[in-house]
Chemist: 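One structure, pasted below without further comment.
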Number of protein chains: 2
Amino acid sequence: MARIAGSSGPRTEEAIRRAGLKLIATHGYAAMSLRQLAAEVGIQQGSLYNYFRNKQEFLFDLIRGHMLDLHAALDAALLPEGSAEARLTRFTEFHVAYHVARAQEVFICYSELRSLEPDNLAAVVAMRRDYERKLGDILDHGCATGEFRLADTRMATLAILAMLSGICTWYKPEGRLSREAMQEIFTGMVLALARGETQALARGEGAAEVAVVPSRRRRALQAGVG
Amino acid sequence: MARIAGSSGPRTEEAIRRAGLKLIATHGYAAMSLRQLAAEVGIQQGSLYNYFRNKQEFLFDLIRGHMLDLHAALDAALLPEGSAEARLTRFTEFHVAYHVARAQEVFICYSELRSLEPDNLAAVVAMRRDYERKLGDILDHGCATGEFRLADTRMATLAILAMLSGICTWYKPEGRLSREAMQEIFTGMVLALARGETQALARGEGAAEVAVVPSRRRRALQAGVG
DNA sequence: GTCTATAATCCGATAGAC
DNA sequence: GTCTATCGGATTATAGAC
């Protein structure tokens, strides 16, 4: 990134934000040094402290700002009334659009929670819980009206959010599918999951009991392969 | 962890592995120092180099070993023949069981890919792709036989894997649901998603166009809230 | 195999000139 | 607001005694 000549407050601030998003999304917060960030922006490392008090505050501002945006945008997109199906459709379309448009920020919000200090983490987790509840309420309502058939709405909430949030881990703007196509595909999958009319197959007893912890001997053999 | 007196090769090796899994899962690879790791094991930092050549090799061994275990366990669990529904049921039950039993290792395999150097990353990504293909083949087969109805099997592959893999981000052994209950719930959701007989609702035009990038002014207001 | 000691580098954060 | 310079400490990795 080109060197910015002279004084320029707001421009530098936005450049730092964008560079930080990119570096943290790529390498992670702990692996990003402030010298790296300053070089990407085109300023000296010490100058960064005109824009935050310390590295932790920079991360928290990024994540908190994004969560506020997310909530505001969801509230604007969500229907206050209507059938559960219509509201779930809206929720899914919004979630896909948001994750496509702001994949980096969304990714950081999931992956860098571990890097937040306790107080900052608590604030973000509370906002996250509110967000989950909005989906959970739709699912609960749909089950009450008979539109949805879910064995466990809490698990369904986590499953749907994980499924949709996964988008930000592999989505590329130049990819095969347009935003509209992805919205339609994912809406179809989410609705099918929620309606879930079918019964699970009789489970093959024993299948679930497969060994998931390898023997010490197999581990040793694996090490030898390298 | 208690100090291990005297020489003890294999015991130390396993202790390092377990401590590394815990620390990396909790704080991340970049944030874990070798001094921290050594302290957790109860040895001095320099002694770690009897067990790996450098920090990167330690991470790669952890991830690669886990991927080998995962593949071997899946192959043992998966039915070579049978209906697509039966095979998808087996796949899901296995995936849930594995993620419940080894949540830490699975989590690291997703979250620390970014910390792998290029050659190591390429090796892991190749293994990951093989794994995805095994699910993709089941879905393709099911669509061909008419058991499944999916608009896009590639998206469905990614969606199902994200949904199941999400388990390792929130699962706690002391949680509300047993492994068996989770297997049944998730199998039901995955099968419903794959069968997906229903059509999506007519989409509310305009709903997808909601602003996902806030105005500069709103951002400034948000910053003021703090 | 474990220890102590240390090399060489990098880190976040601060001070003060302009 | 940006720069240069630096402080104090932490980091990975190595060397050599036991």
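None of the values given here were measured: they were computed from a predicted structure. Sequence lines set the chain letters: A, B, ... in the order given, protein chains first and strands last, and positions in each chain run from 1.
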Chemist: What is the separation between atom CD on A/Q45 and atom C1' on C/dC11, rounded to the nearest whole Å?
Modeler: 8 Å
Chemist: When the distance from OH of A/Y51 to C1' of D/dT2 is rounded to whole Å, what number comes out?
Modeler: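 For the pair A/Y51 OH and D/dT2 C1', the rounded distance is 9 Å.
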Chemist: Students often get this wrong, so: under 4.0 angstrom with heavy atoms, is A/F52 touching a base, only sugar-phosphate, or nothing?
Modeler: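 No contact.
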Chemist: By nearest atom, which of the nucleotides D/dT2, C/dT2, C/dG12 is closest to the A/T12 side chain?
Modeler: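 Nearest to the side chain of A/T12 among the choices is D/dT2.
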Chemist: Does A/S8 put a side-chain nitrogen or oxygen below 4.0 Å from OP1 or OP2 of D/dG1?
Modeler: no
Chemist: Return the value, rounded to whole Å, for the distance between atom CG of B/N50 and atom P of C/dC3.
Modeler: 10 Å
Chemist: The side chain of A/S33 is closest to which nucleotide in this list: C/dA13, C/dC11, C/dC3?
Modeler: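 That would be C/dC11.
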Chemist: Whole angstrom is fine here: how far is it from CG in B/L48 over to C1' in D/dT12?
Modeler: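 My rounded result for the distance is 11 Å.
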Chemist: In terms of side-chain heavy atoms of A/Y49, which of D/dA13, C/dG12, C/dT2 is nearest?
Modeler: C/dG12
Chemist: Atom NZ in B/K22, atom OG1 in B/T26: separation rounded to 0.5 Å?
Modeler: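 Those atoms lie 7.0 Å apart.
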Chemist: Could you pull out all residues at least two apart from B/L79 that satisfy side chain to side chain contact (heavy atoms under 4.5 Å, CB included)?
Modeler: B/A86, B/R87, B/R90
Chemist: Which comes earlier along DNA chain C counting from the 5' end, the contact point of A/Q36 or that of B/S47, where each point is its nearest nucleotide?
Modeler: B/S47
Chemist: List, one per line, each side-chain donor-acceptor pair under 3.5 Å for residues 27-38 of chain A, sequence neighbours excluded.
Modeler:
residue	atom	partner	partner atom	Å
A/Y29	OH	A/Q56	N	3.2
A/S33	OG	A/Q36	N	3.1
A/Q36	OE1	A/S33	N	3.2

Chemist: Rounded to the nearest Å, what distance is computed from the NZ atom of residue A/K55 to the P atom of nucleotide D/dA10?
Modeler: 16 Å
Chemist: According to a strict under-4.0 Å criterion, is A/Q44 in side-chain N/O contact with OP1 or OP2 of D/dT2?
Modeler: no
Chemist: So, for A/H66 and A/F107, is the gap between ring centers shorter than 6.0 Å?
Modeler: no
Chemist: Of the nucleotides C/dC3, D/dT11, C/dA13, which has the atom closest to the B/R35 side chain?
Modeler: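 The answer is D/dT11.
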Chemist: For A/D130, what residues pass the salt bridge (Lys or Arg N to Asp or Glu O under 4.0 Å) criterion, not counting sequence neighbours?
Modeler: A/R133
Chemist: Residues of residues 24-32 of chain B with any non-hydrogen atom less than 4.0 angstrom from an atom of DNA chain C: list those, numerically ordered, please.
Modeler: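 Output list: empty, so none.
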Chemist: Under the salt bridge (charged side-chain N to carboxylate O under 4.0 Å, His left out) definition, can you give me all pairs with a residue in residues 117-128 of chain B, not counting sequence neighbours?
Modeler: B/R128-B/E132
Chemist: Check the distance between C/dC3's P and B/I43's CD1 and give it to me in whole angstrom.
Modeler: 6 Å
Chemist: What is the distance, to the nearest angstrom, from the CG atom on A/L34 to the C1' atom on C/dA13?
Modeler: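 Going from A/L34 (CG) to C/dA13 (C1'), I get 9 Å.
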Chemist: What is the separation between atom CD on B/E14 and atom C1' on C/dG1, rounded to the nearest whole Å?
Modeler: 18 Å
Chemist: Show me the pairs that pass side-chain hydrogen bond (donor to acceptor under 3.5 Å, both in side chains) and involve residues 161-176 of chain A, at least two apart or across chains.
Modeler: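 As it turns out, the side-chain hydrogen bond (donor to acceptor under 3.5 Å, both in side chains) pairs with a partner in residues 161-176 of chain A, which skip direct neighbours, are A/Y110-A/S165, A/R176-B/D152.
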